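See below for the structure under consideration.
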Amino acid sequence: MSAATTAPLQHDFRVISLIGVAHGASHFYQLAFATMLLIVRQEAGLTYADVGLLAGTFYGVSGLAQTAAGFAVDRFGARPILAGGLFVVGLGLACISVAHSFVGFVGIAVIAGLGNSVFHPADFALLNASVNQNRLGRAFSIHGLGGSLGWAAAPVMYFLDSLFGWVGAALIGALPGLILSGLVLIHREQLVDHRVKVRAAAAQHGAKPALALFLQPALLLCLLYFALIAANTIGIQQFAVPAWSGMFGVTENYAAFCLIVFIVGSAAGILVGGYFADRVRRHDLVASFGLLAAACLTVPIATQTVSPTLLPFLLALAGAAGGVTNPSRDMIVRNATPPGASGKVFGFVYSGLDIGSFVAPPLFGVLMNVGLPTAIFWIAVGLYTVNAGLVMLIRQSAAPKAYPAVAE
C-alpha cells in the first residue's frame, strides 16, 4: 500500500499544516507585493497605473510559468521546487527594499511571479502523495483556508511600514518565505516524493505526450473554470469596498468590514466543504449547488434590494456558499488527473487562477470608472452560474478510464 493510504493521523496533521501554511505564504506575498508597491509609490515615483501594471506583471508571469513549474515538479520532485518557490518569492519582496525605479520593480515582479508559480503544482502533488486518501478533502480545505488567511495577513505590511519604514517592512516581510523554505526542505520523510507513482504508472501503462494530456476536454474545462472563479474572486476583493460605498451609501470602513465578513464566511465554508468532500462521491453536485446558492445570494446585492444593516449577513452566507465548493473542486481536478501527472495537471489547470487574476481587474476597473459598480455583481452572478454548469460538464468529460502515464 502507498504511504498516502496508510499515513497515520499525526503524520497527516504535520503534512497538511505545513503545506497549508506554505499556501498561506503564497497568498500573503500576492497581496504583500501589491501593498508594498502602494507604500513606496510616492517615494519611487510610481503612478497608480504603474502599480496596476506591475501587479498584472506578477500574475502574468506566474500564470505563464505555472505549467512549466508543473513539469519541474514531476521532473525534480515537489519538495525542492516548493522550497525554492518560497525562497524566491520571499527574496522578491526583500528586493523592494533596494529598488528605486519602474524597471527595477518590473524585475522584482518577474522574480516574485516565478516564485509564486510553483505553489499549486507542488502543493497538490505533495498532498496527494503524502496524505491518507480518506482525508484528502479535509487536506484540500485546510490548503484553501491557509490561502484565505494569507490574504488576510497581508495588510500587516502597513503596520510594519509605520514601525520600521518601508525598507524594514520589505525585509521583515521576506522572512516567512525564507523560514518556510528551510522547513519544507528538512521534512524529507513526511513529504512523500510523488514521482514514485509517476514511475509506477509509466511502467504499467506506458507514456503519453503531455500535449495530448492538456488537450483533454476535462482539463481544458478545469482551466476555464479556474480562470472564471479567479476573475470573480479578485474582482470582488479589489473593487467591492468602493463599489459598496457608492451603491449603499456606507462608509469605506463599513464596506471594508463587509469584505472581511465575506472572506471569513468563505474560509468557514472551506472548512465545512472539506468534510463534504471526504464523504460524498458526487463532488460536482456539491460544487454546483454551492455556486448556485452563491449566485442567488448575490442577486440582492446586484439589485441593491438588501439594506446596509443586513449586507454583512448576506455576504457571510454568500462567502460560505462559495467556500464550501473549494475542496470539492480540488477533488474534481484530482479525479480528472491521469496517474503520474499530478505536477503537470495541477500546474496547467491552476494557471487559470493567474489568468483570471490578470484579466479581470482592468475590466472591473473600467466599470468603476464609468459609474457601473452594480455590473461587477451581475457579472459575479453570471460567473457563479456558468461555473455551476462547468463542474457538471467536467464530471461528464472525466468519466473513469484507464489512463496511460504521461511522459516527463
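All residue numbers in this chain count up from 1 along the given sequence. Computed from a predicted model, the values in this text were never measured in an experiment.
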Do any N or O atoms from the side chain of Ser266 and from the backbone of Phe262 form a donor-acceptor pair under 3.5 angstrom? no
For the pair Leu315 and Trp244, evaluate side-chain contact (heavy atoms from CB on, under 4.5 Å) and give the outcome as yes or no after the intermediate values. CA-CA 12 Å; Leu315 287 168; Trp244 291 333; 3.5 Å; yes
Quick one: are Phe28 and Val89 in side-chain contact, heavy atoms under 4.5 Å? no
Does the side chain of Val21 come within less than 4.5 Å of Leu180's, by heavy atoms? yes
Listed partners of Leu114 passing side-chain contact (heavy atoms from CB on, under 4.5 Å), at least two apart: Val61, Ala65, Val110
Student check: side-chain heavy atoms of Gln66 and Phe119 closer than 4.5 Å: no
Backbone of Ala388 reached by a side-chain donor or acceptor of Ser288 within 3.5 Å: yes
Note: Val73 and Ala125 closest approach over all heavy atoms is CG1-CB, 4.0 Å
Heavy-atom pair of closest approach, residues Leu126 and Leu82: CD1-CD2, 3.8 Å
Could you tell me if the side chain of His143 sits less than 4.5 Å from the side chain of Asn326, heavy atoms only? no
What's the separation between atom CD1 in Ile16 and atom NE2 in His11, rounded to the nearest 0.5 Å? 9.5 Å
Can you tell me how far the CE atom of Met368 sits from the CD1 atom of Ile376, to the nearest 0.5 Å? 5.5 Å
Surrounding CZ of Phe313 (heavy atoms of other residues, nucleotides or ligands, distance under 6.0 Å), is the total greater than 12? no
Could you give all pairs that pass the ring-ring contact (aromatic ring centres under 6.0 Å, His included) test and reach residues 157-178, with sequence neighbours left out? none
Check for a donor-acceptor pair, side chain of His27 on one end and backbone N or O of Gly147 on the other, with a separation under 3.5 Å. yes
Who are the side-chain contact (heavy atoms from CB on, under 4.5 Å) partners of Ala169, not counting sequence neighbours? Met36, Met157, Leu160, Asp161
Would one find more than 12 heavy atoms of other residues, nucleotides or ligands at under 6.0 Å from atom CD of Gln10? no
Could you walk me through whether Arg14 and His187 satisfy the side-chain contact (heavy atoms from CB on, under 4.5 Å) test, starting with their C-alpha distance in whole Å, then the side-chain angles of each, then the deciding distance to 0.1 Å, before giving a yes or no? CA-CA 10 Å; Arg14 180 175 293 186; His187 280 77; 3.7 Å; yes
List the steps, then state whether side-chain contact (heavy atoms from CB on, under 4.5 Å) holds for Leu271 with Ile142. CA-CA 7 Å; Leu271 284 177; Ile142 297 299; 3.7 Å; yes
Distance check, rounded to the nearest 0.5 Å: Leu136 atom CG versus Arg138 atom CZ? 9.5 Å
Using atom types as modelled and distance alone, determine if a side-chain donor or acceptor of Tyr29 lies under 3.5 Å from a backbone N or O of Gly173. yes
Going by heavy atoms in the side chains, are Val40 and Phe105 under 4.5 Å from each other? yes
Residues which pass ring pair (Phe, Tyr, Trp, His ring centres under 6.0 Å) with Phe140, listed by chain and number, not counting sequence neighbours: Phe124
Using a 4.5 Å cut-off on heavy atoms from C-beta on, say whether the side chain of Leu191 contacts that of Ile19. yes
Can you name the residues that form a side-chain contact (heavy atoms from CB on, under 4.5 Å) with Thr251, not counting sequence neighbours? Asn253, Tyr254
Can you see which heavy atom on Val15 is nearest to which on Ser130, and at what distance? CG1-CB, 3.9 Å
OG on Ser17 to CG on Asp12, rounded to 0.5 Å: 10.0 Å
Leu149 meets the side-chain contact (heavy atoms from CB on, under 4.5 Å) criterion, sequence neighbours left out, with Leu145
For Pro373 and Met247, which heavy atoms make the closest approach, and how far apart are they? CG-CG, 3.8 Å
Output the distance between atom OG1 (Thr57) and atom CD1 (Ile108), rounded to the nearest 0.5 Å. 12.0 Å
Do any N or O atoms from the side chain of Ser181 and from the backbone of Gly177 form a donor-acceptor pair under 3.5 angstrom? no
For Arg282, all residues meeting side chain to side chain donor-acceptor pair (under 3.5 Å), sequence neighbours excluded: Asp284
How far apart are the closest heavy atoms of Pro80 and Leu185, and which atoms are they? CA-CD2, 4.3 Å
Partner set under ring pair (Phe, Tyr, Trp, His ring centres under 6.0 Å) for Phe58, not counting sequence neighbours: Phe33
With side chains defined as the heavy atoms from C-beta onward, is the minimum distance between Phe248 and Ile301 less than 4.5 Å? yes
Within a strict 4.5 Å, meaning less than it, do heavy atoms of the Leu54 and Leu46 side chains meet? yes
Evaluate Ile229 against Leu353 for side-chain contact (heavy atoms from CB on, under 4.5 Å), listing each step before the verdict. CA-CA 7 Å; Ile229 208 70; Leu353 293 175; 4.0 Å; yes
Between the OG1 atom in Thr374 and the CD1 atom in Ile379, the distance rounded to the nearest 0.5 Å is 9.5 Å
Residues forming a side chain to side chain donor-acceptor pair (under 3.5 Å) with Thr47, sequence neighbours excluded: Asp50
Which residues pass the side chain to side chain donor-acceptor pair (under 3.5 Å) test with Ser62, not counting sequence neighbours? Asn116, Asp354
For Tyr384, ring pair (Phe, Tyr, Trp, His ring centres under 6.0 Å) partners two or more places apart: none
Which heavy atom of Ala295 sits nearest to which heavy atom of Thr385, and what is that distance? CB-OG1, 3.8 Å
Run the ring pair (Phe, Tyr, Trp, His ring centres under 6.0 Å) test against Phe226 and tell me which residues pass, sequence neighbours left out. Tyr350
